[in-house]
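Below: the structure, in structure tokens.
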Amino acid sequence: MAITIRKATENDSEFLAQMILQSSKAEKVECIFNLIFKSNDDKVVLEKLAKLTVTKAKSQCHFSNFLIAELDGKSVGSLCTYEPRIATKQTFVDALLEVGCSENVSETLEVLYDCDFELNNRTLMFDYMEELEGFVDVGVLKALMQKSLLTARLKGYRIAQTIVEIGSLEMLLFYKKLGFTKVKEKECELYKEKFGRAGLVLLAIEF
């Protein structure tokens, strides 16, 4: 079975929503999107996320930032890459307003930004790297990462970064196997209170 990697399209919105939610939850009961969309019903959250991937405002969740891995024509994994200078915090708010969130959604996001890092605007960020259950260890994530790094190199990037929750041991180990190293770690009481995780870890790779 050969893994093929392609760019996501608008038609992938439902699959991307599934991957975004799976990545954001990371085995937690709640994630930031439950707070944003004020619902613990996965169906409601997935519908909103699908709309978020096709908004006019190109946030980090926009389909154009994603690669999709396929096996035998079936979508089995995703990886998002974006530049913080383009997919800004304001762009994210604009996209959320497009899908019907209230004006005070910025206040909800403070739980996330309170634990954020000051990022280099010229650095490429990796996010929402996920695969469907049943496809672990067949090389899906590695293929996505290799394709993304190759594309990034051709565009002139030399550093990529990602943010992982403290305590996400499997994901931390996976990134380290790929060559990422820890840059900073930040513990946040508010984040721990909301999500039960101590905070976030910033990882980077030079290529």
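Note that the structure is predicted; figures quoted are calculated from it, not measured.
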With a 4.5 Å cut-off on side-chain heavy atoms, are [Y] and [X] touching?
X      : Y      : answer
Leu109 : Val93  : yes
Ile166 : Arg197 : no
Gln161 : Leu119 : yes
Ile32  : Phe195 : yes
Glu70  : Ile3   : no
Ile68  : Ile5   : no
Phe207 : Tyr157 : yes
Leu173 : Lys177 : yes

I need the full list of disulfide (SG to SG under 2.5 Å) pairs touching residues 102-207, with sequence neighbours left out, sorted by first then second residue. Cys115-Cys188
Applying disulfide (SG to SG under 2.5 Å) as the test, list every pair that has at least one member in residues 27-89; sequence neighbours left out. none
Polar side-chain atom of [X] near backbone of [Y] as donor-acceptor pair, under 3.5 Å:
X      : Y      : result
Asp114 : Leu190 : no
Lys28  : Lys25  : yes
Thr123 : Ile159 : no
Glu98  : Ala57  : yes
Ser148 : Leu144 : yes
Lys182 : Val201 : no
His62  : Thr55  : yes
Ser23  : Met19  : no
Lys186 : Asp116 : yes

Atom pair [atom1]/[atom2] of [X] and [Y] - distance to nearest 0.5 Å:
X      : Y      : atom1 : atom2 : result
Lys7   : Leu67  : NZ    : CG    : 8.0 Å
Phe126 : Tyr82  : CZ    : OH    : 11.5 Å
Ser64  : Glu10  : OG    : CD    : 9.5 Å
Lys89  : Gln60  : NZ    : CD    : 11.0 Å
Leu203 : Thr162 : CG    : OG1   : 6.5 Å
Lys184 : Leu200 : NZ    : CG    : 13.0 Å

Surrounding [atom1] of [X] (heavy atoms of other residues, nucleotides or ligands, distance under 6.0 Å), is the total greater than 12?
X      : atom1 : answer
Glu110 : CD    : yes
Glu185 : CD    : yes
Glu30  : CD    : yes

Do [X] and [Y] share a hydrophobic cluster (ILVMFWY, side-chain heavy atoms under 4.5 Å, transitive)?
X      : Y      : answer
Tyr113 : Leu202 : yes
Val183 : Ile163 : yes
Val44  : Val105 : no
Leu124 : Leu150 : no

Can you label the angle between the Phe66 ring and the Tyr128 ring as parallel, tilted or perpendicular, going by 30° and 60°? parallel
Taking the basic N atoms (NZ, or NE/NH1/NH2) and the acidic carboxylate oxygens, is any pair closer than 4.0 Å for Asp94 and Lys58? no
Apply side chain to side chain contact (heavy atoms under 4.5 Å, CB included) to the pair Leu112 and Leu35, showing each step before the final yes or no. CA-CA 11 Å; Leu112 192 62; Leu35 300 183; over 6 Å; no
Do you see a donor-acceptor pair shorter than 3.5 Å between the side chains of [X] and [Y]?
X      : Y      : answer
Thr88  : Thr91  : yes
Tyr191 : Glu165 : yes
Asp41  : Ser39  : no

If I compare all heavy atoms of Arg6 with all of Ser75, which pair ends up nearest, and what's the gap? NH2-OG, 3.6 Å
